[in-house]
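Single-structure report; data block below.
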There are 2 protein chains.
Amino acid sequence: MTDPSPTVLIVEDERAIRRFLRPALEGEGYRVLEADDQRSGLGMASSHTPDLIILDLGLPDRDGLELIRAVREWSSMPIIIVSARGQDADKVKALDLGADDYLTKPFSVQELLARVRAALRRSAAVRDAADGSPVFAVGSLTIDLAKRRVTLAAEPVTLTPLEFKLLAELAKHPGRVLTHKALLDAVWGPSRSKEPHLVRVHMANLRRKLEADTTRPRYLLTEPTVGYRLADA
Amino acid sequence: MTDPSPTVLIVEDERAIRRFLRPALEGEGYRVLEADDQRSGLGMASSHTPDLIILDLGLPDRDGLELIRAVREWSSMPIIIVSARGQDADKVKALDLGADDYLTKPFSVQELLARVRAALRRSAAVRDAADGSPVFAVGSLTIDLAKRRVTLAAEPVTLTPLEFKLLAELAKHPGRVLTHKALLDAVWGPSRSKEPHLVRVHMANLRRKLEADTTRPRYLLTEPTVGYRLADA
DNA sequence: CGGCGCCTTGACGCCGTCTTGACGCTCCGG
DNA sequence: CCGGAGCGTCAAGACGGCGTCAAGGCGCCG
């Protein structure tokens, strides 16, 4: 839900500039990635999917604009341009290609950081509105982690806090077997990691609410001597 | 359905600048509104709900910043600042208050237009994801964040400032669970984020005004040990 | 200066939830 | 055939969150 430290990708050929941008960004609590040309920048953008890109348009291969276009093919992550070129035409072109902001060198670090904050704030709003809540669904069971809602055959099911936490933990790894210890650690904390009985009791309660026949579970499957698994098909 | 021509509100005291901004914007196909001070600007923003605001920070009453803050109380519409003052501190303050962009005079019209396009493009993405309606409605309850009004079965309900702020926070994320901490942060500020009792008391007061049966709430739902949720269906 | 409304703070009782323990079942190996 | 281990069920009790009420303080407006 909350991303504790957003990731910022810097695409910049001048090492000097990278060397003073990185600490400034890290000082704000961001994780920082670096690339020194367009190709590797695009690669890192797609492999790491950062939360924001700071892009120097004065790249040696000369077509940072191409990076904007390429990223925009599949993502709407914020892109802030920094460039030595301050011509109107350059700015207009970059912005119209999909860049979110444009600063001309030399620029103030404080201003850049403020614009980074503004851009991240906006994109967080988008994520919010999108409500792209990862809903897990098997059979007639749906689990919405973000909205904290569980429905069975389109009927809402009321779960106790602990029941939901337990079910959510299973839903985060659909189809995978979670050991007793893993569940205890995640739901109760490490102190209780030696009491599998806790899991059994609450699993029974969950089954009573979710399963038609508790003796032959459809969703909450027991993996004897190992743990439990949420059916994913 | 979609208004083909977005509305732009210009808040600017210098008539000369308005006189050259208006035709430029209209030339791009936008509808244009004008205000010449903060007060009327805020009024037009709430009555016409434009798609974007261009705000001159050098207003005579000197606190255009206040306009940003006031608008951000209830809307996330894009705000682009134009200002004669180019100090870092000014930019940082405006951006952190919620402004989307900041240009210093003199600026190029082409650049301004490009930044307007970029801002509108982004907010279109937001509206895409969420429904852009500023009024929230469930059952016989309606909440108008912009007008600051709440009605129940078409009857206006009078709420205290704090009650409204609390309800508004819930209405901004209908159906989602807001944790005690989230509500405390948003309504009381981070300093009180460890006093869930505050939320309970005021939630009880809200229920007394909004719910037919406070023991079985229709709108303000409790999520035990987690927080509260505003019903969205 | 007085009154009123609003927010805070504290106390209290209720009710749901979690834990704990006991018991019977099944499966499997000795 | 017997015995143990793992699992599911049930009930009882303790715990703590939640809602409610009332008192107190503060600011605002008349």
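Letters go in sequence order (proteins before strands), and every chain restarts at 1. Keep in mind that the numbers below use all heavy atoms, side chains included, and drop hydrogens, waters and symmetry copies.
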Considering just the side-chain nitrogens and oxygens of A:Arg208, establish if one lies under 4.0 Å of OP1 or OP2 belonging to D:dC10.
yes

Among C:dG10, C:dC18, D:dT9, the nucleotide that comes nearest once only the side chain of A:Pro161 is considered:
C:dC18

Applying the side-chain hydrogen bond (donor to acceptor under 3.5 Å, both in side chains) criterion to A:Asp100, which one of B:Arg121, B:Arg115, B:Arg122 satisfies it?
B:Arg122

Listed nucleotide nearest any side-chain atom of A:Thr160, set D:dT20, C:dC7, C:dC18:
C:dC18

Look at the rings of A:His202 and A:Trp188 and say which category their plane angle falls in: under 30° parallel, 30 to 60° tilted, over 60° perpendicular.
tilted

Without decimals, in angstroms, what is the distance between B:Asp213 CG and D:dT20 P?
10 Å

Just N and O in the side chain of A:Tyr228: are any of them under 4.0 Å from OP1 or OP2 of D:dG8?
yes

Can you see if the side chain of B:Thr225 gets near the phosphate of D:dG16 - specifically, an N or O under 4.0 Å from OP1 or OP2?
no

Distance alone, cut at 3.5 Å: any donor-acceptor contact between the side chains of B:Thr222 and B:Arg207?
yes

Give a yes/no answer on whether the side chain of B:Trp188 brings an N or O atom under 4.0 Å of OP1 or OP2 in C:dT8.
yes

Would you please confirm or rule out a distance under 4.0 Å between OP1 or OP2 of D:dG19 and any side-chain N or O of B:Thr215?
no

Quickly work out the B:Leu221 CG to D:dG17 P distance and round it to whole Å.
21 Å

Quick check on D:dG19: is either OP1 or OP2 less than 4.0 Å from any side-chain nitrogen or oxygen of B:Thr214?
no

Would you say A:Arg200 reaches D:dG6's phosphate, i.e. side-chain N/O to OP1/OP2 under 4.0 Å?
no

Output the rounded distance in Å from CD (B:Glu223) to P (D:dC18).
10 Å

Tell me: CG of A:Leu206 to P of C:dC18, nearest whole Å?
10 Å

Take atom NE2 of B:His202 and atom C1' of C:dG5, then tell me their distance rounded to the nearest Å.
13 Å

Can you tell if the side chain of A:Tyr30 reaches within under 4.5 Å of the side chain of A:Thr7, non-hydrogen atoms only?
no

First of B:Leu198 and B:Pro224 reached from the 5' end of DNA chain C, by closest nucleotide
B:Leu198

A:Leu162 CG to C:dT19 C1', in whole Å, measures 10 Å

What is the distance from NE2 of A:His197 to C1' of C:dG24, rounded to the nearest Å?
13 Å

Nearest to the side chain of A:Glu195, which nucleotide is it out of D:dG8, C:dT20, C:dG10?
C:dT20

Of all heavy-atom pairs between A:Lys181 and A:Asp185, which one has the smallest distance, and what is that distance?
NZ-OD2, 2.6 Å

Rounded off to whole Å, could you give me the CD-to-C1' distance for the B:Glu163 and C:dC6 pair?
9 Å

